[in-house]
Every structure is written in C-alpha cells, then in structure tokens.
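Structure first, commentary second.
Fair warning: this is a prediction, and the values are worked out from it, not measured in the lab.
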Amino acid sequence: MKQIKQKMIPIIIAVVLIILIVIIGLFSGIMEKYSYSDERMDLNEYFQVYTEKELSILWEDDFLEEKGIVQNGTCYLPLDMVQAYLNSRFYFDAGENLLIYTTPTEIIRAYAGENVYAVDGVEFPIDYQAALVEEEIPYIAVDFVKLYANFYYEVFQEPNRIEIYKESATVTVADIKKNAKIRYQGGIKSPILEDLQKGDTVTVLETMEKWSKVKTADSVIGYVENKRLTDERDFDRTVALTVEEPVYTSLNKDYPINLVWHMVTNPVANGNVEGLLANTKAINTISPTWFALSDNEGNFTSLADKSYVDFMHQRGIEVWALIDNFTGRIEGEAVNTKEILTSTTKRTYLIQNLMEQILANGIDGINVDFEQVPREAGEDYIQFLRELSIVCRRNGVVLSVDNYVPTEYTAYYNRKEQGMLADYIIIMGYDEHYSSSDIGSIASINYVENGIKNTLEEVPKEKVINAIPFYTGIWATTSGTTTVDKVSMSYGESFMTENGGTANWDEVTCQNYTTFQVDDTIYQIWLEDEESIQTKLNVMKNYDIAGVAGWRLGLEKPEVWELIEAYLQ
C-alpha cells in the first residue's frame with residue numbers, strides 16, 4: 001500500500017502542475033483580454049505629418065486629405081482647399097505667379113513670395129508672404145485668407161496641425177472624470193494617442209455603448225470610455241464675423257427687357273438698322289455684334305459707331321454691344337480663348353480697351369458671348385467676368401452674359417457666380433439640335449422650359465432673360481447625309497409651301513412640323529412661327545423672368561412683335 005502511495009505522488013504532482021499551468025494560462029488569457037494596452041501611437045503617423053513643413057488640417061471636426069505647409073512660423077493652406085471650403089473667389093495665375101482676390105469693387109493682388117499685397121494698385125506691406133508655391137502647388141497664408149473670409153482657426157505643434165471651422169454651432173462637451181487615455185479606436189487594446197487629466201474638457205463627437213469619440217483641446221480625435229466622462233452639456237462654438245459679406249449691386253432695369261441682337265459684319269450694316277427696325281415693336285435694348293477677339297493677346301476688332309448709339313438713344317433703346325470669341329480668325333484658326341483668359345495681363349488689357357470703346361461711344365452695356373470655353377479655362381472665364389464686372393459697376397455699364405441651356409457638361413460655366421457678378425444672364429434657348437447632332441427641333445418647348453427652370457436654380461429671376469430663335473432649321477437628308485440650313489421664319493414657311501409640304505401641330509415640341517420629299521432629298525422642318533413663339537412666351541410669363549431676347553433682327557416675322565409686345569405688358 002505504501003509503495004502504491006509512493007508511486008501515486010509523482011502522478012498527483014504532475015496533475016497538480018498541469019492544473020496550475022492551465023489556471024495560469026487561463027488567468028493570463030483573462031488578464032491579456034481585459035487589461036489595458038500601454039502601446040502608444042506615433043502622433044506623426046496619426047496626423048500623417050512626416051516633415052517639419054507639413055501641416056495637417058482639421059476641418060469642422062474631420063481631417064482633410066489635403067495638407068498645408070508651415071514656413072517661417074506662418075501656416076499656409078492649399079489654394080484648392082481655400083476655394084472649396086473658405087472662399088471660392090481666390091484665384092491664382094500660375095503663369096504670372098500672382099494671387100488675386102476680387103470684391104464687388106476692388107481687385108487685390110499679391111505676388112507669390114513677396115511680403116506685400118496691393119488693392120487697386122495701392123501697396124500694403126505685411127510681415128509674411130501672402131502666397132507661395134511649393135512643387136507647383138499654390139498656397140495662401142491663413143492670415144491673408146482671414147482678411148476676406150470668416151472662420152476660426154487654432155494652430156498646434158509637434159506635430160504641426162491646424163483646426164478650422166467656419167460656422168458657429170452648438171456642440172456637446174464633457175469633462176474627464178479622472179485621469180484617462182484617449183485611444184485611436186474604441187477598445188482597451190487600441191493604441192494610446194494622448195493622456196487626459198481629470199478636469200480636462202473634450203468635445204463629444206459621437207457616443208456609443210461603452211466608448212465615445214471625442215476631440216481634445218489640442219485637436220486630437222480619438223476614443224475614451226464613457227465611464228471616464230462626466231457633466232455632458234451644450235456649448236456654443238462661435239465664429240466672430242469680422243468680414244462683411246460682399247454686396248454685389250446690379251443695374252437691373254425697372255421694366256422687362258426686350259432685347260434683339262443685330263448682326264453687324266461690316267460698317268455698312270450699321271446704317272441698315274433703321275430699315276430692320278421699321279416693323280418692330282417695343283424693343284428697348286439692341287445688341288449689335290460689334291466686338292470680336294482678334295488674336296491671342298487680348299486685342300479685338302471693333303465696328304462700334306457712335307452715331308448708331310445716338311440714333312438708338314433717340315428712339316429710347318439702350319445699346320448693349322456684343323463681344324464674342326469665335327468670329328475672329330488668326331490665319332484661319334479660331335482665337336485661343338484659354339490663352340487669353342489664363343493671363344492676368346491679357347485679361348486686364350482686354351478689359352481696359354473694351355471699356356475705352358464702351359465709354360467713347362456712349363454704349364450702355366456689354367453682352368459677353370464667349371462660347372465653347374474649354375473646361376480647363378472655366379475658372380479663368382469666371383475670373384474674367386469678375387474683373388470685368390468691377391469696371392462695369394464703376395462706370396454704370398450693364399453687364400449681360402450669354403449662356404447655354406444648363407447641362408452637366410456646362411456646369412463649369414458657374415452660373416451661380418455669374419448670377420452674382422452680372423446684371424443679366426441670357427439663356428440661349430435655341431440650337432437644341434444643330435448640324436452635327438441628331439435631327440430635331442431648334443427649340444422644343446421642353447428644352448426651353450428646362451433651360452429656364454434649371455437656370456433659375458442658380459440665378460435670381462430678376463436677372464434671367466430667355467432668348468428665342470427668330471429662325472427655322474430646314475433639315476435635308478440625301479443618301480444618308482444630313483445638312484441643316486438656318487433660315488428666316490418666313491422663308492421656312494414659303495419653302496414648305498412651294499414644295500407641297502403641310503405642317504401639323506406637334507404636341508411634344510409645341511411647333512408645327514412637316515416632312516416631305518423632293519427628288520432624292522427628304523426634308524424635315526420644325527417651324528418657328530406665331531404659334532411656337534406664343535407658347536414659349538407663355539412659359540416665360542409663368543416663370544416671371546426679366547425679359548426676352550431674339551436672335552436675330554431681320555429673321556423674324558413682323559407678327560412676332562405683337563406677341564412680344566403683349567408679353568411685355
């Protein structure tokens with residue numbers, strides 16, 4: 001028996017040891033599972049700031065992908081970020097290394113790398129560079145941006161970071177009940193970002209079951225346990241309004257506009273206008289096609305005639321002279337609009353010379369008809385209109401801008417900003433179908449109405465003028481090839497009649513439509529006539545817009561003027 005007991009002792013010891021090992025293992029696992037991690041996260045990695053110059057940007061409690069830079073103790077924000085979040089009117093001319101900001105009445109310029117900026121040529125020294133360029137990216141000093149935008153910012157170091165918010169808001173804050181750690185994610189195993197002391201106040205961004213997402217006073221965002229928080233309460237986070245919102249005054253008339261474009265291709269055409277006006281009614285504005293860009297330096301041709309202006313004024317008609325970017329040719333090639341618009345020197349030269357012509361001839365307004373502006377020059381085009389609008393506003397000259405019917409492909413024309421800058425936005429409510437497109441109406445009623453409705457989403461109605469076509473398109477298809485002739489309203493009807501065609505009202509387009517064949521050619525015509533024009537005017541009346549324009553004088557039927565006169569009343 002004694003021998004058996006002796007033999008059992010090692011077995012018992014082994015079992016006890018195994019049990020102890022299992023218990024220790026279980027305890028260690030439990031300790032590992034429920035103990036708090038002491039691992040710390042590198043804040044440079046957290047803020048993704050890896051050099052002394054880099055600056056992390058915290059915008060409205062969220063980190064942006066964009067990074068700023070720090071130079072000589074000044075924080076700089078990338079231009080794209082400033083435009084997107086703080087003020088879209090900052091503009092940078094990369095060719096001239098020039099930062100520009102425009103107000104309704106002034107142009108502010110600052111060359112990158114210089115400690116000075118100029119307001120309409122008057123220089124003001126500053127103790128930092130307003131702008132600089134790093135690796136072809138333009139940056140603006142945050143303090144310079146703050147001269148023209150309302151926002152709050154605070155800067156922290158090691159690593160460099162800036163917190164910015166633009167809107168006042170009521171946020172939730174809480175105090176730290178006792179010393180705690182803020183962690184990268186919610187969980188005791190998540191790396192520590194920062195130590196929090198009892199009494200510290202944090203902004204509560206999101207509350208979950210056991211953890212809350214918070215932001216510390218030095219702009220570290222992470223998670224703390226709910227049991228560490230106390231005294232949650234509302235806090236009013238305010239932004240001081242030190243910059244007044246710009247007020248863009250407009251030269252809107254106290255009567256509905258009835259504008260007609262007068263196509264002038266040579267000086268003789270100016271003298272023919274009296275005959276063209278003979279059968280018209282109620283015209284109060286005329287836009288002769290006098291100016292056209294003629295080279296890539298900002299020069300333009302001019303057919304302006306003061307006697308023409310005087311004649312119109314005697315009849316109570318204002319003259320809004322048109323400038324286009326497609327009539328002029330350089331050795332047979334169109335003018336490079338982008339080359340002009342992207343250069344501040346060329347824009348300034350163009351605007352100065354244009355205004356000299358306007359004032360010298362007593363012209364009342366400018367009608368800008370820049371078409372097919374390249375998408376990559378969209379921002380430059382808007383800057384041109386900003387700068388032009390200032391000169392127009394100073395001189396009491398009406399600024400009107402021609403625009404396509406809105407589509408997603410023309411969104412870069414930025415009609416909302418145009419509606420702030422210009423006195424009138426004119427919708428070119430025609431050319432729905434044209435020579436290179438599918439056969440169809442020049443201006444169906446849905447096309448016209450959508451053009452008005454979509455423009456009104458961005459432009460005040462008192463600034464919107466809808467242009468209607470005074471012409472008809474005759475579509476001819478022979479052996480699979482289609483061409484279109486744009487003809488006067490009367491000619492379209494006579495061509496149909498002479499060839500045996502009969503028009504019927506089309507409810508979809510709200511136009512009289514006909515198709516017929518002559519020899520091997522099939523013709524299709526959506527007529528512009530009294531009925532189609534009346535339908536368009538009815539829609540315009542419903543939207544209570546600022547008036548009507550017609551392209552172009554001499555193509556209309558005389559009866560149309562009676563309809564327009566009634567519309568104006």
Side-chain angles (χ1 to χ4, degrees), residues 250-253 256-265 269-270 273 276 283-294 300-305 308-309 312-313 317-328 335 337 340-341 347 350-351 353-373 381-382 384-393 395-405 413 415 418-419 421-431 451 455 459 462-470 545-554:
S250 297
L251 294 173
N252 299 127
K253 305 299 178 179
I257 299 297
N258 180 17
L259 178 147
V260 65
W261 282 286
H262 177 207
M263 188 170 181
V264 180
T265 57
N270 283 323
V273 69
L276 292 173
I283 292 175
N284 52 40
T285 312
I286 192 166
S287 180
T289 59
W290 277 347
F291 306 123
L293 297 180
S294 58
F300 56 88
T301 56
S302 174
L303 293 168
D305 184 338
Y308 180 107
V309 178
M312 292 300 168
H313 287 173
I317 299 174
E318 287 201 351
V319 178
W320 298 358
L322 180 145
I323 181 168
D324 73 47
N325 66 332
F326 50 84
T327 302
V335 170
T337 307
I340 298 170
L341 296 180
R347 289 195 314 271
L350 168 60
I351 291 169
N353 290 338
L354 185 59
M355 191 53 60
E356 284 180 9
Q357 285 279 315
I358 296 295
L359 297 178
N361 289 282
I363 297 169
D364 306 286
I366 299 173
N367 179 233
V368 178
D369 187 15
F370 281 11
E371 300 183 21
Q372 296 185 349
V373 174
Y381 176 53
I382 295 300
F384 165 70
L385 293 178
R386 288 191 186 110
E387 294 166 0
L388 177 60
S389 74
I390 292 173
V391 181
C392 287
R393 206 170 284 113
N395 290 281
V397 174
V398 176
L399 174 60
S400 62
V401 185
D402 300 338
N403 276 269
Y404 299 113
V405 166
Y413 275 77
R415 291 168 187 81
Q418 286 191 40
L421 305 169
D423 300 301
Y424 290 99
I425 300 299
I426 303 179
I427 309 166
M428 297 183 290
Y430 40 76
D431 283 348
T455 299
V459 182
E462 61 270 16
K463 290 190 173 188
V464 174
I465 298 171
N466 184 66
I468 57 178
F470 284 167
I545 59 176
V548 59
W551 177 265
R552 62 182 169 85
L553 184 63

Identified side-chain contact (heavy atoms from CB on, under 4.5 Å) partner of I363 from the options V398, I358, V397: I358
Side chains of K253 and Y424 in contact at under 4.5 Å (non-hydrogen atoms): yes
Audit row: I366, I323, side-chain contact (heavy atoms from CB on, under 4.5 Å) steps and yes/no: CA-CA 7 Å; I366 299 173; I323 181 168; 4.2 Å; yes
Pair H313-D364, side-chain donor/acceptor within less than 3.5 Å: yes
Minimal non-hydrogen separation, S294 against V335, with atom names: C-CG2, 4.0 Å
Parallel, tilted or perpendicular, as decided by the 30° and 60° cut-offs, for the rings of W290 and Y308: perpendicular
pair E462-S250: side-chain heavy atoms closer than 4.5 Å: no
Between D423 and N252: side-chain donor-acceptor atoms closer than 3.5 Å: no
Test item: M428 and V405 side chains (from C-beta on) under 4.5 Å apart, heavy atoms: no
Nearest heavy atoms of S287 and L322, plus distance in Å: OG-CB, 3.6 Å
Contact summary for P288 and V264, nearest pair of heavy atoms: CB-CG2, 4.1 Å
Heavy-atom pair of closest approach, residues N325 and D369: OD1-O, 3.5 Å
Positive for ring-ring contact (aromatic ring centres under 6.0 Å, His included) with F370, one of F300, F384, Y404: F384
Side-chain touch R552/F470, heavy atoms, less than 4.5 angstrom: no
Stepwise side-chain contact (heavy atoms from CB on, under 4.5 Å) test for V273 and M312: CA-CA 10 Å; V273 69; M312 292 300 168; 3.4 Å; yes
Side chain N270, main chain A304, donor-acceptor under 3.5 Å: no
Stepwise side-chain hydrogen bond (donor to acceptor under 3.5 Å, both in side chains) check, D402 with N367: CA-CA 7 Å; D402 300 338; N367 179 233; 2.8 Å; yes
Side chains of E318 and T285, donor plus acceptor under 3.5 Å: no
Heavy-atom side-chain proximity of I286 to W320 below 4.5 angstrom: no
Nearest atoms (heavy-atom pairs only) where M263 meets W551: SD-CZ2, 4.4 Å
Smallest separation among heavy atoms of A422 and K463, with atom names: O-NZ, 2.9 Å
Heavy-atom side-chain contact between V260 and L276 under 4.5 Å: no
Contact check, side chains of L259 and V548, non-hydrogen atoms, under 4.5 Å: no
Side chains of R393 and L251 in contact at under 4.5 Å (non-hydrogen atoms): no
